[in-house]
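So the structure is just underneath, and the comments pick up after that.
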Amino acid sequence: MVEAELEKIFPNLKSPGYSIKSPISIYYNCIAWAANEADRWWWPDVNEQYYWPAEVKREESLTAFIKAFGLLGFKPCKDSKLEPGFEKVAIYVDRDGKPSHAARQLPSGMWTSKLGNLEDIEHTFEGLENSHYGKVAKILKRPIRRN
Amino acid sequence: MNLVIVSGKAYDWRDDPPACYRHELLDQIIDHYWVPISRKNTNLIQKFYSLASTWIEETSFLSSAKEMAMHPAYQQIIGMGKDVIPLILWQLEKNPNHWFWALKAITGEDPVKPEDRGKVGKMAEAWLKWGKEHGYKW
């Protein structure tokens with residue numbers, strides 16, 4: 001998608017700056033990307049079309065998303081500040097309080113997001129707020145895994 | 001079959017319909033000859049692509065499968081019923097997108113293996129195989 005269109009959807013992106021980091025892809029979404037996957041869609045749809053951990057209830061609730069990331073070792077934390085040795089995930093909720101998006105913090109302190117069927121972008125913590133995604137409702141962290 | 005539907009009731013077109021319905025019957029006959037079946041299919045195709053492009057344009061940034069499926073254009077496509085299955089399958093083959101919810105809603109079936117949930121390529125393959133097995137051509 002051209003940048004002007006992205007900035008129309010996500011007005012906060014424009015002033016602090018952001019960068020597009022991948023081609024458009026339909027094969028994974030933001031939740032998968034936040035969980036470090038790039039080969040499937042994660043979503044707790046009741047129609048059971050998409051991947052969702054079997055241990056977590058299929059419901060669009062913040063609790064269900066926190067539990068799903070909990071299975072990957074993430075635990076709630078108090079803020080978005082960069083903490084050496086940890087990676088963080090931010091879960092966004094829309095105006096109805098339903099999860100709408102997730103972003104993952106990079107070692108640089110910037111955040112990476114997959115935008116639906118569109119590209120991955122690198123952005124600031126506030127870059128995707130005040131949009132259809134709503135606002136960040138929970139931040140989680142886990143120790144960075146070293147291979 | 002010699003039945004026509006006039007004001008919600010079925011009549012044998014060879015019978016003389018009630019006078020108050022004659023104009024409706026005449027309209028149907030004119031419509032049939034004025035707009036051939038082939039052109040009616042063109043209308044179906046145009047409607048499908050118009051709705052599909054609105055849906056793609058307005059939902060491409062979403063991750064919520066439910067929100068994508070609840071979009072009014074997507075719901076209208078589901079409402080078009082089995083006639084759109086070949087168009088959806090053609091789309092799925094050429095340019096995969098999230099047509100799985102619609103296919104499941106229209107057909108009542110789900111050929112995707114549980115382990116392939118969320119893997120768009122494999123989901124598309126499963127539906128294309130299903131389409132061929134059920135005699136759909138696209």
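Letters A, B, ... are given to chains in the order of the sequence lines, protein chains preceding strands, and every chain is numbered from 1.
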Open item on the list: Using side-chain heavy atoms (C-beta onward) and a distance below 4.5 Å, is B:K66 in contact with A:V46?
Closed with: no
Open item on the list: Hydrophobic clustering (ILVMFWY, side-chain heavy atoms < 4.5 Å, transitive) - are B:L103 and B:Y136 grouped together?
Closed with: yes
Open item on the list: If I take atom CD from residue A:E48 and atom CG from residue B:D110, how far apart are they, to the nearest 0.5 angstrom?
Closed with: 9.0 Å
Task: Portion of A:E5 that has a non-hydrogen atom of chain B nearer than 4.5 angstrom - done: neither
Open item on the list: With a strict 4.5 Å heavy-atom criterion, list every residue of residues 97-118 of chain A that contacts chain B, or say none.
Closed with: A:K98, A:S100, A:L115, A:G116, A:N117, A:L118
Open item on the list: If you define the side chain from C-beta out and look only at heavy atoms, does anything of B:R117 sit under 4.5 Å from A:Y50?
Closed with: no
- [ ] Heavy atoms only, distances under 4.5 angstrom: which of B:K104, B:H98, B:E115, B:K122 has the most pairs with chain A? Name it, please.
- [x] B:H98
Task: Leading residue by heavy atom contact count with chain B [cutoff under 4.5 Å; candidates A:Y51, A:W43, A:Y133, A:W52] - done: A:W43
TODO: Decide whether A:V89 and A:L82 are clustered together by the hydrophobic rule: side chain heavy atoms of Ile, Leu, Val, Met, Phe, Trp, Tyr closer than 4.5 Å, transitively.
DONE: no
TODO: Using the rule that two of Ile, Leu, Val, Met, Phe, Trp, Tyr join whenever any of their side-chain heavy atoms come within less than 4.5 Å, decide whether B:M70 and B:I106 are in one cluster.
DONE: yes
Open item on the list: Distance check, rounded to the nearest 0.5 Å: A:E119 atom CD versus B:F61 atom CZ?
Closed with: 13.5 Å
- [ ] Following the transitive rule for hydrophobic clusters with a side-chain heavy-atom cut-off under 4.5 Å over Ile, Leu, Val, Met, Phe, Trp and Tyr, establish whether B:W90 and B:M123 coincide in one cluster.
- [x] yes
Open item on the list: Using heavy-atom distances under 4.5 Å, tell me whether B:D116 contacts chain A through its side chain, its backbone, both, or neither.
Closed with: neither
Open item on the list: Hydrophobic clusters here meaning ILVMFWY residues chained together by side-chain heavy-atom distances under 4.5 Å, can you tell me if A:F74 and A:F86 are in one?
Closed with: no
Open item on the list: Between B:S64, B:A65, B:A69, who has the most heavy-atom pairs with chain A when the cutoff is under 4.5 Å?
Closed with: B:S64
Open item on the list: Heavy-atom cut-off 4.5 Å, strictly under: side chain, backbone, both or neither for B:K119 against chain A?
Closed with: both
TODO: Taking all non-hydrogen atoms of both residues into account, name the closest pair between B:L62 and A:W41 and its distance.
DONE: O-CH2, 3.6 Å
TODO: Can you check whether anything in residues 22-31 of chain A gets within less than 4.5 Å of chain B, heavy-atom wise, and list it by number?
DONE: A:I26, A:Y27, A:N29, A:C30
Task: Option in A:L6, A:I9, A:D94 with maximal non-hydrogen atom pairs under 4.5 Å from chain B - done: A:I9
Task: Non-hydrogen side-chain atoms of B:E67 and A:H132 separated by less than 4.5 Å - done: yes
